[in-house]
Structures are given as C-alpha cells and as structure tokens.
Chemist: 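There's a structure below that I have some questions on.
Numbering starts at 1 and runs along the sequence shown. Counting starts at 1 for both ligands and their atoms, in listed order.
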Amino acid sequence: MSFAELGLHPIILNSLKACGYDAPTPVQSQAIPAALTGVDLLVSSHTGSGKTAAFMLPSLNRLTVESTVKSNGPRILVLTPTRELAMQVDKATFTYGHKLKKFRVACLVGGMPYPAQLKQLQGPVDVVVATPGRLIDHLERGRIDFRRLEVLVLDEADRMLDMGFIEDIEAIVAKTPASRQTLLFSATLDGVVGTMARKITKDAKRIEFASKPELKANIEQRFMFADNMTHKNKLLDAILRDTDIQQALVFTSTKRSADDLSGLLRDQGFAAHALHGDMNQGQRNRTLKGMHDGRTRVLVATDVAARGLDVAGISHVINFDAPRQAEDYVHRIGRTGRAGRTGTAVTLVNPGERGLMRSIERFTGLRAQIDTIAGLEPKITEERSGKKPHPARRGAKPGGYARPGTGAPKPFGAKPFPGSKPYGGAKPAGFKPRPAGSFQARARAGS
Ligand code: AMP
C-alpha cells in the first residue's frame, strides 16, 4: 500500500515526499484511513511505530479546507507527556505539513520561557503541541481559544497518566468543543487509560498493535549502580573488555549522547558506531551493514533506531541510560539472545534512575539482580536504606532472580562478568587483567 492510497490530500502527500518514506507503517495503514472518516480512535502502538504520522497526517488533512469559525486558536491540539516528545512531535508536524499555506505550529512546553511561547500564540496558529501543565498555564491566562479546535490528540496517554496528568487532561478536555475528533494513542488501552478513553471519546474505533512484549528466558539480566556519568563510563569500559562479548548494543536516551558516547568509545579503541533517528537512510544502512558483517563491535543507539534490529552477533545489550519506559526495557534487551543464542543485558543505573529500575521490576515482575565490578563499586551503595523495601525485593537473596514476594531465587546459570560480584555479596575477586585476545584488543586491531 502507498500513502497515495490512504486518501490523503495531494498537498500532504507533497509534504511527505521530503521524508523519503516508501510506504505507510502498519499503524499508519490502519489509523490514517479511519481518522480521515472523522471518527474517534483508540490506538495501542509503540514509539517507533510511526504513530506521529498516523495521527498527524489525517489531522493535517483537515487544514486543506479553511475553517468556518473565526478564531486564531489551534485547529489541532496534541498533548504529550514530556517536553522531549512534544519537541519531536512539533518537528515532525512541521515536516508533515510544510507545503500547507501559512502553516503555523506552536510548541508549548514546561521549562521554556513564556515570552517566546506568547509570541507563537499572537497570530493564527494551526497546531499546538503541548505538555499538559504548561498548556493549563496558558489557558488560565486566557491566551488560547479552542473555538475552532477540530482534533484533540493524546499521544502516549498511558505515560501522561503515569505522570499524574489526569486532572490537567480532564481540565483541558473540558475546554475543547464537544464536536472535536479525539485520537488517543497509548502503549496500552487497558486499566486507567481505558477508563479515561471511555470518558473522552465517542464510539471510538479501536486499533491495536501493541501487546505486552515478552521477556525472553535466554537473556541474563543484570543491573549495576553507578554514582555518576564518569562512573558509568568506567563501568561501560570494563564491561566492553569482557572476552565473552561478541557484539554489543549500547542504548543511550538521546541522539546526542549516542554520538558522543560512540566517539568516546572509538577514542578508547573500540570499533564503535552510532545509530539514531537523525541519520539519513544511507548512513543507517551503512552502520547496520557494519553490524551484520561484524566490523562494528559496539553499536550505540537510541530506542527509535534500534527497534526491530535483528543481528545474531549481539551478545550483550547495555543500557547506558536506563529506559524511560519499562516496556522499552523488554524491547531493548530482546535485541540480544537472537537466533537461538543466549544473551546478556546490563543496565547501568545512576541515583536518578533507580525509580526507572523499580518500574522495570514492576513491569517484568522480576527482581533486579544487582552486580558490581571489583574496583568499580558504587559509593552510594544502598538506595533503599531507611526506606521500606520495594515489594519486589523483599525476601530476595543476592545472586538470585526472584519472582516478587516469593524470595525464591531463579537461577539463570550464566557466569558473571570478570571481577563482578552480586551486590552486597562476597569480597571482590579482583579485577581480571585484559587478555591479549580481548574484545578491545580485537577492536583495536581493526577486525
Ligand atoms: P514515531 O513512532 O512517530 O516516533 O516514528 C518513528 C520513526 O519512524 C521516525 O523517525 C519517523 O520519521 C519514522 N517513520 C514514520 N513513518 C515512517 C514510514 N512510513 N516509513 C519510514 N519511516 C517512518
């Protein structure tokens, strides 16, 4: 199927040419024609599925016809949980609609100065992309008029609810016209998301792609606490020197840190390359080829770029930055242990990321096994001292991998990193010197 077959206006198709997309993704193929009919949608889909275009293209299609309502307010409103996502959606929106006449998009997010945002709202605006808190601020000051609003999009609705935005969302929805079309995108449509969806949509069509990703049994999972970024770099360096590593996929949370970290690793002698959404298709293909033929030993990637990556040689996944969503953790570590092999996943957790680790425990239903590398132990050793332990950790023994609450260790049989020991366990065995044929030595030799 092509984009032209989905029923989009030629101006939108013309804008799309700049993106270089060959064909719609599955979520786009289903959501775009449905949204073009004007019905409400509930779509379960993941980041990286092409969901932004799935809601934005049919919404922008409305802008090819002038509004009959006299107002400068937006015709499309997108709510996102985070500033980063809002900025990403803002950028994509501009690309998807840049051929529209006098096309204007405003991005209203927290942590940014008000004057620039007020300036964006002075003239007529077609699309507002916002985080709920900042939008409420503008609404309370009477800066936005929703009289001509046609589409309300809730992007990553589950995350917005996780972040406690329910009341803000309800207050915003109450100010929008009842005639609006509502498009709700979320990783899950169950639980509180489903309850909210029922309240704010009318006869919505459900489109479901995302099911809870499955945790594979052949992947050994470890967590290591880091005090700060320097400590993380040292841990990563030590892990990458492991002779057992064939190829490693290292995840960072931003494109910039993927670039910076891959540069740092190259300086340290590793055959490392970055993979992220800002690279053009040619660059991505070259990098992927390097992974497939084994020339690249360390791929430093963001979630979006690594989705669907299938390279049998990836023996280790290292979460340099812990994933922001627990579900992404399962996707990330699933990049190893492919083609019937076993794999190892290590997540580095700094003090600010311990909440994310707990979300991963809750999501997977497993207790995190915490390791250290001798000589690189964290100074901040017990994050829960004085606090009630998380239920997932109560009664668990070091070195095991227990179902929450059972305390029963679940052996996974793989051997630890050289010099690593379970957190709080026996005296360090000492740091094993790097053998001649080690991973780094091979990388240096240019293999
Ligand atoms: P999203 O899920 O909207 O965050 O999109 C993830 C990535 O997929 C972004 O880098 C988009 O530019 C890209 N993308 C979206 N739709 C397509 C498509 N039809 N073909 C190729 N790439 C796409």
Chemist: Purely on distance, is any nitrogen or oxygen of Asp22 under 3.5 Å from one on ligand 1?
Modeler: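 No - when backbone and side-chain N and O of Asp22 are compared with those of ligand 1, no distance drops under 3.5 Å.
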Chemist: Record the part of Cys19 in heavy-atom contact with ligand 1 below 4.0 Å; permitted values are side chain, backbone, both and neither.
Modeler: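 Neither part.
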Chemist: Under 4.0 Å between a side-chain nitrogen and a carboxylate oxygen: does that hold for Arg332 and Asp303?
Modeler: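 Salt bridge between Arg332 and Asp303, a charged N being under 4.0 Å from a carboxylate O: yes.
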Chemist: For ligand 1, which atoms have a heavy atom of Phe3 less than 4.0 angstrom away?
Modeler: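 Ligand 1 atoms under the 4.0 Å threshold to Phe3: 19 (N).
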Chemist: Can you confirm whether Gln247 sits close enough to Leu299 that some side-chain heavy atom of one is under 4.5 Å from a side-chain heavy atom of the other?
Modeler: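 The answer is no, as the side chains (C-beta and beyond) never meet within the 4.5 Å cut-off.
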Chemist: Atoms of ligand 1 less than 4.0 Å from Thr52 heavy atoms?
Modeler: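 Taking each heavy atom of Thr52 in turn, ligand 1 has 1 (P), 3 (O), 4 (O) under 4.0 Å.
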Chemist: Does an N or O from Tyr96, backbone or side chain, lie closer than 3.5 Å to an N or O of ligand 1?
Modeler: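 No; the residue has no nitrogen or oxygen that sits under 3.5 Å from a nitrogen or oxygen of the ligand.
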Chemist: If you measure from the Lys or Arg side-chain nitrogens to the Asp or Glu carboxylate oxygens, is any gap between Arg324 and Glu156 under 4.0 Å?
Modeler: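 Not counted as a salt bridge, because no side-chain N and carboxylate O are separated by less than 4.0 Å.
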Chemist: For Asp293, give me all partners under side-chain contact (heavy atoms from CB on, under 4.5 Å), at least two apart in sequence or on another chain.
Modeler: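 Counting only residues at least two positions away or on another chain, Asp293 forms a side-chain contact (heavy atoms from CB on, under 4.5 Å) with Lys289, Arg295.
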Chemist: Using a 4.0 Å cut-off to any heavy atom of Ala23, which atoms of ligand 1 qualify?
Modeler: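 Under 4.0 Å from Ala23, ligand 1 has these atoms: 18 (C), 19 (N), 20 (N).
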Chemist: Which residue pairs pass the ring pair (Phe, Tyr, Trp, His ring centres under 6.0 Å) test when at least one of the two sits in residues 135-185, sequence neighbours left out?
Modeler: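 Checked against ring pair (Phe, Tyr, Trp, His ring centres under 6.0 Å) - neighbours excluded - the pairs reaching residues 135-185 are Phe55-Phe185, Tyr114-His138.
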